[in-house]
Amino acid sequence: MSAINASASSQGQKRKREEKDVNSKKVQSDKPPASIYKNLQLAEKPVYKNLQIAESLKAQSKTKKARIDRFQKTENPKFKNLQIAESQKTAPQKARDDAVQKDESQKQDFRNNRQHNPLAAKQNRLLQVRQSLPIWPQATNIRNALLENHVLILAGETGSGKSTQVPQFLHTSAWCTGRVAVTQPRRVAAVSLARRVAEEMGTPLGKSPQSLVGYNVRFDDNVGKNNRIKFLTEGMLLQEMLRDPALAEYSCVVVDEVHERSVNVDLLLGFLRGLVTGTGEAAKKRKGKPLKVVVMSATADTEKLKDFFSEGFGQPPTVDSIPTVNDGEPVLDKEETSVEKSQESSVLSSNKISTCFVEGRMYPVQTEYLSEPTRDFSEAALLQIFQIHRKEPMPGDILVFLTGGDVITNLQQAIEDMIPNVITKDSGLPKLLVLPLYAALSQAQQQAIFSPAPPNTRKVILATNIAETSITVPGVRFVVDSGKAKIKQFRNRLGLDSLLVKDISKSSAIQRQGRAGREAAGKCFRLYTKSNFETLEKDTVPEILRCDLSSAVLTMKARGVNDVMDFPLLTRPSREAMERALLQLLQLDALNPEDGNISDLGRKIARLPLTPAHGRTIIAAADPEMGCLLPVIDIVACFNSENIFVEVKDQDANDEAREARNKLSCRQGDHLTLLSAVQAYASERTDRKQWAKQHLVSHRSMQNVMDVRKQLRAQCQQAKLLTKEELANADDDNLATVSESTGNNILKCFLRGFPTNVARLVPDGSYRTIHGHMAVAIHPSSVLYGRKLEAILYNEFVYTNRTYARSVSAIQMNWLEEIYSGSS
DNA sequence: GAGCACTGC
């Protein structure tokens, strides 16, 4: 692991932020190395863990040895891991053998060329580990499947090795003249997988001419011209499609973690279906070069994916392939019909689509339920934790899934209060160490879960959903599942987000349960009844049904999809939601009013890594009449980072710091307050970390703000919204205090991006939105909290206990007319 | 006088 961290460190230093160089000595020593990727251990993919698992398995008992053997005995029909579509057996065997042979000789060349490579030793060591992965025996089958078919749908459970091995199986295939792209939903996963695969292939990672593997994530492009395999985030590949809708540089796209169903992956599958079936406009630009698509998912929802691609190849969807939401059919019947259908459609889609299933490598997890439902899951969790601690042997840490930071803090307190009563000298029980884990914690606090517990101590990790996908907590053998999560939902009619505690889905419960069986057999305690579990929805509602669609629709329009209602999506949002998004884009001038196609302005907005509303704000600010692009970028960068202002807890904040923070605040509202904070931070040239501490500002989110600001400035320059001279003159040292007229212009630009986020004071002293006349209160975190103003503009409208406007500024009603009479 | 699950360009 230390070697990994060391190389991460050099990468991180190479890419050190420009802004940080000013005080680099200090920053480098304070900050853990490898800036943003230092949390590589947090990577979702337990690639390093697989290695440890495989090795420890070998060293262990015969029964476990037998497990490995079983994984390898795939010829045994009992362990038929792979079901390649029947059709391929009819294809000419010889052509296939030739191609395989060619692939093999190419592979041999790679090996020979690398004989004296110092990385080769490591490569050889890793080969042994790779060969023990459940997916390894399927290499030939997988390669053959894509030789003849265009699409492979691969369901591989955790630990199968699919993410690291499939790209390596494919890149030497004869048809693979271009690159293999592998998409991931998260940045850390893309980077750590790339690093691992480079090691396995015995080449350096990234830009070196010898390197065969690279990665590209936001703020970090590490792709070399000889790379054969490129790991990237889903968003990055979509961004590449703006420049090249045909994805001509690739022969194959591997889409990983499809079951997570991010909006981006849904869009990506739609575009890829067009390319692979040749039905999309962009497909013509590939000039006959085929594109192969591998869709990888942890769950066996292969039928839905198969239907989706079959439909693209011109197969009429069978009646039962139309996605239905819980039609009340008994589960058994459903399975039977889907088996019949799969046999039928594998004929229909001959030579097009293969499906495949690979076993995972997991230990058994025993699941227990409450006998009676509980009203308070925190209390139930408290009891459960101590019961586990009393009854279950060591070692074995406990991972508890909860809803949010406040619940976690309270439960932590409750456990610690209880400890002296339970863990007495007479009890002979081991100690308990309680560790919170949620995204808002600092990196250092999150890292605490990776340090081994002190002797004779059991760790209890109280986590949010972050531990379900993003972070793999080591050492866990017991999972306690509250059955709840905070889920964000966008309400079309009201145009607002709500974040509410809801029941999780079955698949989410299963995912949580699986976290107990990664290193050894484990137990999962569900804080609800068995019958309650049965009533849960099968899957979590895909994000595309839960979010504001304006970004997604603009993404489609910018890539040439004019009829967005007709765009192929795995799950179709309501017509109402789509229409709302189209209307919003029209209001932002991102679409032509005549035909609804994307406008020039819309194209500019689509290139920016922002919501359409923030993109429109940027464009408005670049208008010479407004002339406030740089300050607007600073503010927008803040809205794209976590809260830069650290929570002020009444006791621990000293008066001095509070006063320093108050000096940053601006009477016009939160927008200009953010600006003054960014400018003050940026002009600090000696010790920014210290400055942040003194002003109760989060250094971590400020660093992110500076990254986003740098990126936005560069993109604005590229889009000719900003000249080189203007950028050169943007000197943070010569801070001109923002004049009132500049301040007003800044707010007018935000008004252009958020024309409906306005509320005015009504006679009873409350605020009502100008659209919909809904009651709204200024959020207590605002500098304008409690103030009565003619009208307010807000960045966000959220529902929690009541409806709140967050990030609020004072505006004048006559600005609204001004904006609509003016040109931009 | 409230409270922000988690990603991403």
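Fair warning: this is a prediction, and the values are worked out from it, not measured in the lab. Proteins come first, then strands; the chains are lettered A, B, ... in the order of their sequence lines, and each starts at number 1.
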query = Are A:Arg700 and A:Glu642 within salt-bridge range, i.e. N to O under 4.0 Å?
reply = yes
query = Looking at A:Lys230 and A:Glu240, does any basic side-chain N land under 4.0 Å from a carboxylate oxygen?
reply = yes
ask   = Base, sugar-phosphate alone, or nothing: which one does A:Ala485 contact when heavy atoms must sit under 4.0 Å apart?
value = nothing
Interatomic distance, A:Leu664 atom CG to A:Phe645 atom CZ [nearest 0.5 angstrom] = 6.0 Å
request  = Among B:dC4, B:dT7, B:dG1, find the nucleotide with the atom closest to the side chain of A:Lys486.
outcome  = B:dC4
request  = Give the rounded distance in Å between these two atoms: CZ of A:Arg187 and P of B:dG8.
outcome  = 6 Å
query = Which residues within residues 232-248 of chain A lie with some heavy atom under 4.0 Å of an atom in DNA chain B?
reply = A:Thr233, A:Gly235, A:Met236, A:Gln239
task = Could you check whether A:Ile466 gets within reach of a base, just the sugar-phosphate, or nothing at all, counting any heavy atom under 4.0 Å?
result = sugar-phosphate
note = Judged by nearest nucleotide, the residue sitting upstream toward the 5' end of DNA chain B, A:Ala439 or A:Asn640, is A:Ala439
inquiry  = What I want to find out is whether A:Lys484 reaches A:Asp503 closely enough, with some N-O distance under 4.0 Å, to be called a salt bridge.
reply    = yes
request  = Return the set of residues passing salt bridge (Lys or Arg N to Asp or Glu O under 4.0 Å) with A:Asp548 (not counting sequence neighbours), or none when no residue passes.
outcome  = none
message = Looking at A:Thr464, I'd like to know whether one of its side-chain N or O atoms comes within less than 4.0 Å of OP1 or OP2 on B:dC6.
response = yes
ask   = Counting any heavy atom closer than 4.0 Å, what does A:Gly786 reach on the DNA or RNA strands: base, sugar-phosphate only, or nothing?
value = nothing
inquiry  = Under 4.0 Å, counting only non-hydrogen atoms across every strand here, what does A:Arg607 touch: a base, just sugar-phosphate, or nothing?
reply    = nothing
query = Atom CD of A:Gln718 to atom C1' of B:dC9: distance rounded to whole Å?
reply = 14 Å
message = Go nucleotide by nucleotide along DNA chain B from the 5' end; which of A:Thr403 and A:Ser551 gets its closest nucleotide reached first?
response = A:Thr403
key: Sequence-distant partners of A:Lys557, salt bridge (Lys or Arg N to Asp or Glu O under 4.0 Å), two or more places apart   = none
request  = Would you kindly give the NZ-to-P distance between A:Lys488 and B:dG8, to the nearest whole Å?
outcome  = 15 Å
ask   = If you take all heavy atoms of A:Cys638 and A:Val678, which pair is closest and at what distance?
value = SG-CG2, 3.3 Å
query = Within this structure, what is the NE2-to-C1' distance between A:His614 and B:dG8, rounded to whole angstrom?
reply = 15 Å
request  = Provide, to the nearest angstrom, the distance between the CG atom belonging to A:Asp266 and the P atom belonging to B:dT7.
outcome  = 19 Å
message = Measure CD/A:Glu543 against P/B:dC9 and give the value in whole Å, please.
response = 14 Å
message = Let's see if you can work this out: which of B:dG3, B:dC9, B:dC4 has an atom nearest to the side-chain heavy atoms of A:Val217?
response = B:dC9
query = Can you tell me how far P of B:dC4 sits from CG of A:Leu402, to the nearest Å?
reply = 16 Å
remark   = From CG of A:Asn465 across to P of B:dA5 the rounded distance in Å is 11 Å
